[in-house]
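Below is one structure, written out as structure tokens, with a few remarks after it.
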Amino acid sequence: MGEQNNCRVIAIANQKGGVGKTTTTSNLGIGLARQGKRVLLIDADAQGSLTASLGYREPDKLDITLANVMGNIINEKEMDVEYGILRHEEGVDLMPGNIELSGIEVSLVNVMSRETVLRSYIEEQRSRYDYILIDCMPSLGMLTINAVAAADSILIPVQAAYLPVKGLEQLIKTIGKVKRQINPRLEIEGILMTMVDSRTTYARDISKLLIENYGSRVRIFNSSIPMSVRAAEISAEGTSIYKHDPNGKVAKAYQPLTEEVLGNE
Ligand SMILES: Nc1ncnc2c1ncn2[C@@H]1O[C@H](COP(=O)(O)OP(=O)(O)OP(=O)(O)O)[C@@H](O)[C@H]1O
Ligand SMILES: [Mg+2]
């Protein structure tokens, strides 16, 4: 079904917390929308950070979220294709997430085809969008497996401030397993270095290390995202970096990343 159009589904994943998954999902997504693409962002994290960072400050008070959507699929309840989708003023659509996803994560264990509940939702949405980006939670639990099983590719943000090698190995192993067992079309979109502090040479060492260890197997984006308080501010603002600080270094970094992702089409 998905093969009939050009929609690309990208999961933004890393089980390590605080590496820039949510920031990348929203700014890459809005960047793609600014290039005229139809974009759906999916908040697959019970923390609801993507939802909150797009201005829905109290995700837990929303009536309809991804938890309801997945619950309906599990219970074989019909729903409209637009059910629960919010429209952000910067041109992206959002399927919000909140704390109720942790209940879904638990209940999935007893569900038939528990790895592909999210996939059946996304397959329904493919004809309506050019890009669907899924913001994953910092774990390799059932929700992240659902995201990876639904995706065409995975974008892995890696914080440049520490040695990411061990955690990445585990993530790449999981991706390989999902590819072999559930989703043969799955690819790695690329590794993205985030929160790069240009004042240190450490970032360069990490970059070298990544290329040495993974360069032959996995693409590493040329673009990297610098460390900046402006990036931290946008989660409180409910806007993208393009609106908050259009001429700053973070906006200038997410733009070429957007171009690189578009170049992968
Ligand atoms: N380039 C950056 N420079 C400085 N701070 C950043 C940058 N990118 C993100 N941040 C901040 O770092 C924190 C973690 O970022 P983010 O929420 O995007 O990571 P995450 O991987 O989604 O975290 P989690 O694993 O909890 O979901 C946030 O407070 C965010 O505002
Ligand atoms: Mg996050």
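In listed order, ligands and their atoms are each counted from 1.
- Lys179 places no side-chain N or O within 3.5 Å of a backbone atom of Glu187 that could act as its donor or acceptor partner.
- A salt bridge links Glu189 to Arg8: at least one charged side-chain nitrogen sits closer than 4.0 Å to a carboxylate oxygen.
- The atoms of ligand 1 that sit less than 4.0 Å from any heavy atom of Gly17 are 25 (O).
- Of all protein N/O/S atoms, those lying under 2.8 Å from the Mg ion (ligand 2) come to 1.
- Only one option out of Asp45, Asn14, Thr22 pairs with Pro138 in a side chain to side chain contact (heavy atoms under 4.5 Å, CB included); it is Asp45.
- Looking at Thr24 and Tyr254, their side chains do bring a donor and an acceptor atom within 3.5 Å of each other.
- Distances below 4.0 Å separate heavy atoms of Asp45 from the following atoms of ligand 1: 27 (O).
- Contacts of Gln47 with ligand 1, taken as heavy-atom pairs under 4.0 Å, involve the side chain alone.
- From the protein, the heavy atom lying nearest to atom 20 (P) of ligand 1 is Lys21 N, 3.5 Å.
- A donor-acceptor pair under 3.5 Å is formed between the side chain of Asn98 and the backbone N or O of Pro59.
- Side-chain N or O atoms of Thr144 include one that pairs as donor or acceptor with a backbone N or O of Ser139 at under 3.5 Å.
- Here is the list of ligand 1 atoms found below 4.0 Å of a heavy atom in Ser235: 31 (O).
- Nearest protein heavy-atom neighbour of atom 4 (C) of ligand 1: Ser228 O, 3.0 Å.
- Using a 4.0 Å cut-off between heavy atoms, Ile225 contacts ligand 1 through its side chain alone, with no backbone atom that close.
- Asp152 has a carboxylate O that lies under 4.0 Å from a charged side-chain N of Arg185, or vice versa, which qualifies the two as a salt bridge.
- Considering both main-chain and side-chain atoms, Thr22 comes within under 3.5 Å of ligand 1 through a nitrogen or oxygen pair.
- Polar contact with ligand 1: present for Gly20 (N/O pair, distance under 3.5 Å).
- Considering only non-hydrogen protein atoms, atom 24 (P) of ligand 1 sits nearest to Gly18 N, 3.5 Å.
- A donor-acceptor pair under 3.5 Å is absent between the side-chain atoms of Glu115 and the main chain of Ala149, judged by distance alone.
- For ligand 1, none of its N or O atoms has an N or O atom of Val250 under 3.5 Å away.
- The shortest N or O to N or O distance between Val19 and ligand 1 is below 3.5 Å.
- Val218 pairs in a side chain to side chain contact (heavy atoms under 4.5 Å, CB included) with only one of the listed residues (Asn213, Ile175, Leu168, Ile172), which is Ile172.
- In this structure, Pro226 is part of the shell of residues with a heavy atom less than 4.0 angstrom from ligand 1.
- Distances between N or O atoms of Thr24 and those of ligand 1 include no value under 3.5 Å.
- In this structure, Gln125 contributes its side chain and Val81 its backbone to a donor-acceptor pair below 3.5 Å.
- Counting only distance, with no hydrogens or angles, the side chain of Tyr242 and the backbone of Asn27 share a donor-acceptor pair below 3.5 Å.
- Without hydrogens or angle criteria, His88 side chain to Leu54 main chain gives a donor-acceptor distance under 3.5 Å.
- In this structure a side-chain-to-backbone donor-acceptor pair under 3.5 Å is present from Lys249 to Met227.
- Nearest to atom 12 (O) of ligand 1 by heavy-atom distance, out of Met195, Lys249, Met227, Lys16, is Met195.
- Nearest non-hydrogen protein atom to atom 9 (C) of ligand 1 is Thr23 OG1, 3.2 Å.
- Using modelled atom types, no side-chain atom of Ser53 and backbone atom of Gly238 make a donor-acceptor pair closer than 3.5 Å.
- For Gln15 (side chain) and Leu140 (main-chain N/O), no donor-acceptor pair under 3.5 Å exists by modelled atom type.
- There is no protein heavy atom closer than 4.0 angstrom to atom 28 (C) of ligand 1.
- Nearest protein heavy-atom neighbour of atom 2 (C) of ligand 1: Ala231 CB, 3.3 Å.
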